[in-house]
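The basis for the numbers below is simple: all heavy atoms, side chains too, and nothing from hydrogens, waters or symmetry mates. All of these numbers come straight from a predicted model, not from anything done at the bench.
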Amino acid sequence: MINNEAAVSTTTTTVAAPSTSSSNTAAQSLGLKNFFKTPEGRYKLRHDKSHPSSLLPYALAKSITQITLADLKDQPVQAVANLPALQPSSSYSVASSGVRYVTSKFLGSSGNGSRMLGFVGGNGTGSKTNGGASKSGHVGGLSNGSSSTVGSNTSDGKGTYLIFNVGDTLYITELNSEEKDPIKSISFGNSNPVCHAFDSKAKDGHDFLIGLNTGDVYSGSLRLQLQDVGKKLVGAHHYNKDGALNNTRCMGVAWIPERDGAFVAAHADGNLYVYEKSKDGSVESSFPVIKDQTQFSVAHARSSKSNPIARWHICQGPINAIAFSADGRYLATVGRDGYLRVFDYLNEQLICGGKSYYGALLCCAWSSDGKYILTGGEDDLVQVWSMEDRKVVAWGEGHNSWVSGVAFDSYWSPPTSEDESESAVYRFGSVGQDTQLLLWDLAMDELVVPLRRPPGGSPTYSRAHSSHWDNVVTVGTLQPAPSTKDVPKLAPLVAHRVHSEPLSALIFSRESILTASRDGHVKIWTRPGNSDVQVSGSDTLTPMKAASSVSG
């Protein structure tokens, strides 16, 4: 196993784009192919994007690139221009760029309409509050357009965008653009963005989350960032300012599905905080002392006006990744202690979980139907967890180093069959620090369950479930690492070396697969049959119904 830095999130990647021909030439010079084969055809390299080498961040070695996809097509940019203007005391115009910052009503106002817009720079230059969130009307850290920018910011605020972090900078680029440079960069000065998330269903314009290595968290409008030509974050709400509540690294941020305006932020000390962006956070959050660092506990803020509203103590040590099921009912976390934990989020209850075969777990992902969870980590394995059985039901063996990103392919459909009784088949992928992308097929009725070796005999295998397989784990129990004799093994369908550097993230879209290396490069692999078709931003992020990709 290769011992490299861990902590990676499943929702991320990198961006900027040389031409296809030049990227193909570069790939071939490194011994990398610009395609890979699957049973359904060839995946071809369409774009190879990266940050401009001339703007190589100083703190590059301290960051791990993550990627987020954001679709703004259904929210036309005109909606921003039609919003009411800011009150004079809160407004700020940039004459050189013609940018107008919109009202606090656009960013979500409380019932009395008194909530103000907080313009803050990436280095936290907004006004300091007494609590975990800063949302004043103070203007700070805004660029006047005189500083150098990445690319020419001519975006119309429509389409699908790639967001990725490298060092102290966050880059935004158009997914389908042939342009080499990103259209927007946001600098955070002495801080590094670590994680980010996008909410396509946000109703108040604040659809974008950013977590920093200082523990600070921001929510803002992605469209506003695209309209501004400066290099500072604009129109953002600032939470846990200067690490007032928790000064450890923010390891992951996620919007809570089906709960508009609520999100969580996980930290390197094992704590996860629940925020509501509708609250102004003027009252300092206060939580009781954690009596036992090894036990899960939930504490609610003592004041109804506080933000965050709750603290979940998950584990002792860093939470490396978090993921909600599609319906928002369950929350999965993985940590440095090697445990997957699955919680009933609404009831604040630990449901199940268990330990890796070896070392830390670094990433996790849900199937679209909520039946399975993938995890990956330092044991080089991809684990498949069943929510029905509440335990590991398969191990994927194929990586030669740490597994840093996993994801189900919600857009893949198995070959049609006349046998209606055929069980569900899932396609998922994984990337690792061995620079490889692996694709896997999971058909539960075809898993071979290993039986224990008889004394003096040869190992035997059976497709029938063993007694161990049939035992359902009690709710709330964390399982020890299973024996290799008790878990079915999966072999990858495809193993392809896609980058020259260790990989950090993987995303499936309708038209392609995106892979990212930790040093700030992303590749877009077009699905078979789509190589000659312009990718459409309208449906890139619209997953097929679960029934079309999995059945039963």
Partners passing salt bridge (charged side-chain N to carboxylate O under 4.0 Å, His left out) against Glu40 (at least two apart in sequence or in another chain):
Arg427
Only pairs under 3.5 Å count here: list side-chain donor-acceptor contacts from residues 346-354, not counting sequence neighbours, and write none if there are none.
{"residue": "Asn347", "atom": "ND2", "partner": "Asp344", "partner atom": "OD2", "Å": "2.9"}
{"residue": "Glu348", "atom": "OE1", "partner": "His300", "partner atom": "NE2", "Å": "3.2"}
{"residue": "Glu348", "atom": "OE2", "partner": "His300", "partner atom": "NE2", "Å": "3.1"}

The complete set of ring-ring contact (aromatic ring centres under 6.0 Å, His included) pairs with one or both residues in residues 321-340, sequence neighbours excluded, reads Phe324-Tyr345
Please report the shortest heavy-atom distance between Thr333 and Ile314, naming the atom on each side.
OG1-CG2, 3.5 Å
Indicate yes or no: at least one non-hydrogen side-chain atom of Gln225 is less than 4.5 angstrom from one of Leu233.
yes
Does some side-chain heavy atom of Leu340 sit less than 4.5 Å from a side-chain heavy atom of Leu361?
yes
Within a strict 4.5 Å, meaning less than it, do heavy atoms of the Arg249 and Val194 side chains meet?
yes
Under the ring pair (Phe, Tyr, Trp, His ring centres under 6.0 Å) rule, collect the residues that match up with Phe343, sequence neighbours excluded.
Phe296, Trp312
Can any side-chain N or O of Ser404 pair as donor or acceptor with the backbone N or O of Leu503 at less than 3.5 Å?
yes
List for me each residue that meets salt bridge (charged side-chain N to carboxylate O under 4.0 Å, His left out) alongside Glu258, sequence neighbours excluded, and say none if there are none.
Lys201
Salt bridge between Asp409 and Arg527, side-chain N to carboxylate O under 4.0 Å?
yes
Taken in chain and number order and not counting sequence neighbours, the residues that satisfy salt bridge (charged side-chain N to carboxylate O under 4.0 Å, His left out) with Arg42 are none
Working note: Ile210 + Leu170, criterion side-chain contact (heavy atoms from CB on, under 4.5 Å); need CA distance, chi angles, decisive distance, verdict.
CA-CA 9 Å; Ile210 306 168; Leu170 200 68; 3.7 Å; yes
Parallel under 30°, tilted from 30 to 60°, perpendicular over 60°: which one fits the rings of Tyr273 and Tyr275?
tilted
For Trp366, give me all partners under ring pair (Phe, Tyr, Trp, His ring centres under 6.0 Å), at least two apart in sequence or on another chain.
none
Under the ring pair (Phe, Tyr, Trp, His ring centres under 6.0 Å) test, residues paired with Phe287 that sit two or more places apart:
none
Kindly assign one of parallel, tilted or perpendicular to the pair Tyr218 and Phe188, based on the angle between their ring planes and the thresholds 30° and 60°.
tilted
Salt bridge flag under 4.0 Å for residues Glu276 and Arg259
yes
How would you list, by chain and number, every residue that makes a side chain to side chain contact (heavy atoms under 4.5 Å, CB included) with Ala491, sequence neighbours excluded?
none
Contact between Leu331 and Ile322 at the side-chain level, heavy atoms closer than 4.5 Å - yes or no?
yes
Any non-hydrogen side-chain atom of His51 less than 4.5 Å from a side-chain atom of Phe164?
yes
Residues that His313 engages under ring pair (Phe, Tyr, Trp, His ring centres under 6.0 Å), provided they are two or more places apart:
none
Applying salt bridge (charged side-chain N to carboxylate O under 4.0 Å, His left out), name anything that partners Asp337, two or more places apart in sequence or on another chain.
Arg341
With the side chain counted from C-beta on, respond yes when Leu45 and Phe36 share a heavy-atom pair under 4.5 Å apart, and no when they do not.
no
Return the minimal non-hydrogen interatomic distance between Leu212 and Ser191, and the atom names on each side.
CD1-CB, 3.9 Å
Which residue pairs pass the ring-ring contact (aromatic ring centres under 6.0 Å, His included) test with at least one member in residues 375-398, sequence neighbours excluded?
Tyr357-Trp395
Looking only at heavy atoms, the pair that brings Val425 and Ala443 closest together is CG2-CB, 4.0 Å
Strictly under 6.0 Å, is that where the ring centroids of Phe198 and Phe208 end up?
no
Quick one: OG on Ser504 to CG on Asn165, what's the gap to the nearest 0.5 Å?
8.0 Å
